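Model, not experiment: these values are computed from the prediction. Chain letters run A, B, ... following the sequence lines, proteins first, then strands; residues in each count from 1.
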2 protein chains.
Amino acid sequence: MSMAVMDHVDRILTQWQRQRPDLNVAPMGTLGRLKRLNHVLMRAMEKTWAEYGLNDSSFDVLATLRREGPPYALSPSDLMASTMVTSGTMTHRLQQLEKAGLIERVKNPADGRGFLISLSDKGFALIDEAVAAHVETQKVLVSSLSEEQRSQLDALLKQLLANLS
Amino acid sequence: MSMAVMDHVDRILTQWQRQRPDLNVAPMGTLGRLKRLNHVLMRAMEKTWAEYGLNDSSFDVLATLRREGPPYALSPSDLMASTMVTSGTMTHRLQQLEKAGLIERVKNPADGRGFLISLSDKGFALIDEAVAAHVETQKVLVSSLSEEQRSQLDALLKQLLANLS
DNA sequence: CCCAGATACCTTGATATCGAGATAAATAGA
DNA sequence: TCTATTTATCTCGATATCAAGGTATCTGGG
C-alpha cells in the first residue's frame, strides 16, 4: 500500500483550497510541478555544461549546429527558430561564441543580408565531448522513472505541447 | 488508428541518431519537451499576468502571500524558500512591489535582522482578481488532456521531482 | 527597371537573475 | 558575559533575455 507524500506543490494547493475554495487549482498543481521541475533540471544540467565552460545558451547553439551534420552550418535565423530566442538574444550568443573561438561566421554568398554560422574545429571537439556528458547527466536525472513511465511522460508532454505551439 | 506525428523534438532526436548513434537520446527527448513546454506555458501565462500589470516574479510573490492566509505576511527568507530564488533576486522583487504599493514592509519586532512583508489592501485586491484569471488560463492550457491524463502527468512529474529536490 | 514591402540581422535600453561578499543582529557555548 | 558562529538581508557586478526600432538587402508586381 503506497502512502501519498505531500510535496511542496501539494502544500501550495492545500493553502489555496483553504483560502480560495471557489477556484479549481488542479491544473495549477500540474503546471507548478512542471515549472519547478524545469528549474531543478536546468540547475542540474548547468553543472555538466560548466565542466566544459558552457552554459544553457552556448550549449544550445553548439548542439544545434553539431546535430545538423556536415558542414555544421546554419544562419542566425535558422538558429533562432530552432532555439526559441529573439534576434537580439541570438546576436548576443553568437558574439560570445565567436569571441570564444567556438564558431566562425562568414557572409552568406547567396544572401547579402545574412551570415552562415559554423562550428570551428575547437567548437566541434568541445560539443562532441560535452553532449556525451550531457546525455549521461540526463540519464541520471530521469532514472527515478521506469522506461515505461518515462515513455508515458514523454507522450503526455508531447500531446500537451502539440496543442500549444 | 493513431498516426504518430513528428514534432520539433522528434526531429532533433532523429538528427542526433544520425550524427551520434552511440548516444541514447531518449531522456533528451523527454527533458527537451519539458523545457519547451515550460517556455511556451510561461509565455502564455505572462499574457494573463500582464493584464493586471504583473509578471512571473511579482505574481509569484503576491500569490505566495495571498495563499498564506491572514495576516498575509511572510519574511523575505520565507518568500525565498517558497519561490526558489536567491536573496539578491528577492530583494529586487520586493523593491519593485513596494514601489508599486502592492506590499508593505515592517521591521520584524521579534528579530531585529529581519522584516515582515505583507500584502497592502491594493495588493490583496489585485492578486485576488489576478489569481482567478490565472487559474482560468491554466485550465485552458491543460485542456488538451483529459482529466485522467492530467492526473497521470501530475503523478509522473511528482515522482520525478521527488527524487531531485 | 523600379519601388513597396518583406526579410536578416544588429543595436539599444530595460529587466531579471545569480553569485559573492558586506553588514547587522541573534544565538550557542565556554 | 563574551565571543564565535550562524542567520537575515542587502549591495554590487556580471550576464541573459526581450521588445522595439534601425539598416541593408532581397523579391515580386507593375
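Using a 4.0 Å heavy-atom distance criterion, B:Gly112 is classed as a sugar-phosphate-only contact. Using a 4.0 Å heavy-atom distance criterion, B:Ser57 is classed as a sugar-phosphate-only contact. A:Gln95 comes within 4.0 angstrom of sugar-phosphate atoms only, judged by non-hydrogen atoms across all strands, and of no base. Among the atoms of the strands shown, only primed sugar atoms or phosphate atoms (P, OP1, OP2) are found under 4.0 Å from some heavy atom of A:Asn55. Across all strands, B:Asp111 comes closer than 4.0 Å only to sugar-phosphate atoms, never to a base (heavy-atom distances).
Nearest nucleotide to the B:Arg43 side chain, out of D:dA19, D:dT9, C:dA8: D:dA19. Comparing D:dC10, D:dT6, D:dT9 against the side chain of B:Arg113 picks out D:dT6 as the nearest. You'll find that the side chain of B:Thr86 is closest to C:dC18, out of C:dT7, C:dC18, C:dC9. Of the candidates D:dT9, C:dA8, D:dA20, the closest approach to any side-chain atom of A:Ser87 belongs to D:dA20. For B:His39, counting side-chain heavy atoms from C-beta on, the closest listed nucleotide (D:dC18, D:dT9, C:dC10) is D:dC18.
Rounded to whole angstrom, the span from the CG atom of A:Asp60 across to the P atom of D:dT15 amounts to 19 Å. Here the C1' atom of nucleotide D:dT17 and the CG atom of B:Asn38 are 15 Å apart, to the nearest Å. Following rounding to the nearest Å, A:Asn108 (CG) and C:dC9 (C1') show an atom-to-atom distance of 12 Å. Atom-to-atom, CZ of A:Phe115 to P of D:dA24 comes out at 13 Å; the value is rounded to the nearest Å. As rounded to whole Å, 13 Å separates atom C1' of C:dC9 from atom CG of A:Asp78. When the P atom of D:dT17 is taken as reference, atom CE of A:Met84 falls 12 Å away, rounded to whole Å. Atom CH2 of A:Trp49 and atom C1' of D:dT15 are 16 Å apart (whole Å). Protein atom CE of B:Met90 is 14 Å distant from nucleotide atom P of D:dA8, rounded to whole Å.
Side-chain contact, A:Ser57 with A:Asp60: no donor N or O sits under 3.5 Å from an acceptor N or O. Donor-acceptor pairing under 3.5 Å is recorded for the side chains of A:Ser58 and A:Asn55.
Each of A:Val85 and A:Lys107 lies near DNA chain D, and the nucleotide nearest A:Val85 is the one positioned closer to the 5' end. Where A:Pro76 and B:His92 each meet DNA chain C at their nearest nucleotide, the meeting point lying more 5' is that of A:Pro76. Each of B:Gly88 and B:Gln96 was assigned the nucleotide of DNA chain C with the nearest heavy atom; the assignment lying further toward the 5' end belongs to B:Gln96.
Taken to the nearest 0.5 Å, the OG1 atom of B:Thr91 stands 9.5 Å off from the CZ atom of B:Phe115.
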Full working for side-chain hydrogen bond (donor to acceptor under 3.5 Å, both in side chains) between A:Ser75 and A:Asp78: CA-CA 5 Å; A:Ser75 68; A:Asp78 294 336; 3.1 Å; yes

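Between A:Arg93 and D:dT15, a side-chain N or O to OP1/OP2 separation shorter than 4.0 Å is absent. Listed pair A:Thr89 / D:dT17 fails the phosphate criterion, with no side-chain N or O lying under 4.0 Å from OP1 or OP2.
For A:Asp22, the CG atom counts as densely surrounded, since its 6.0 Å shell holds more than 12 non-hydrogen atoms of other residues, nucleotides or ligands. Within 6.0 Å of NZ on A:Lys139 lie no more than 12 heavy atoms contributed by other residues, nucleotides or ligands.
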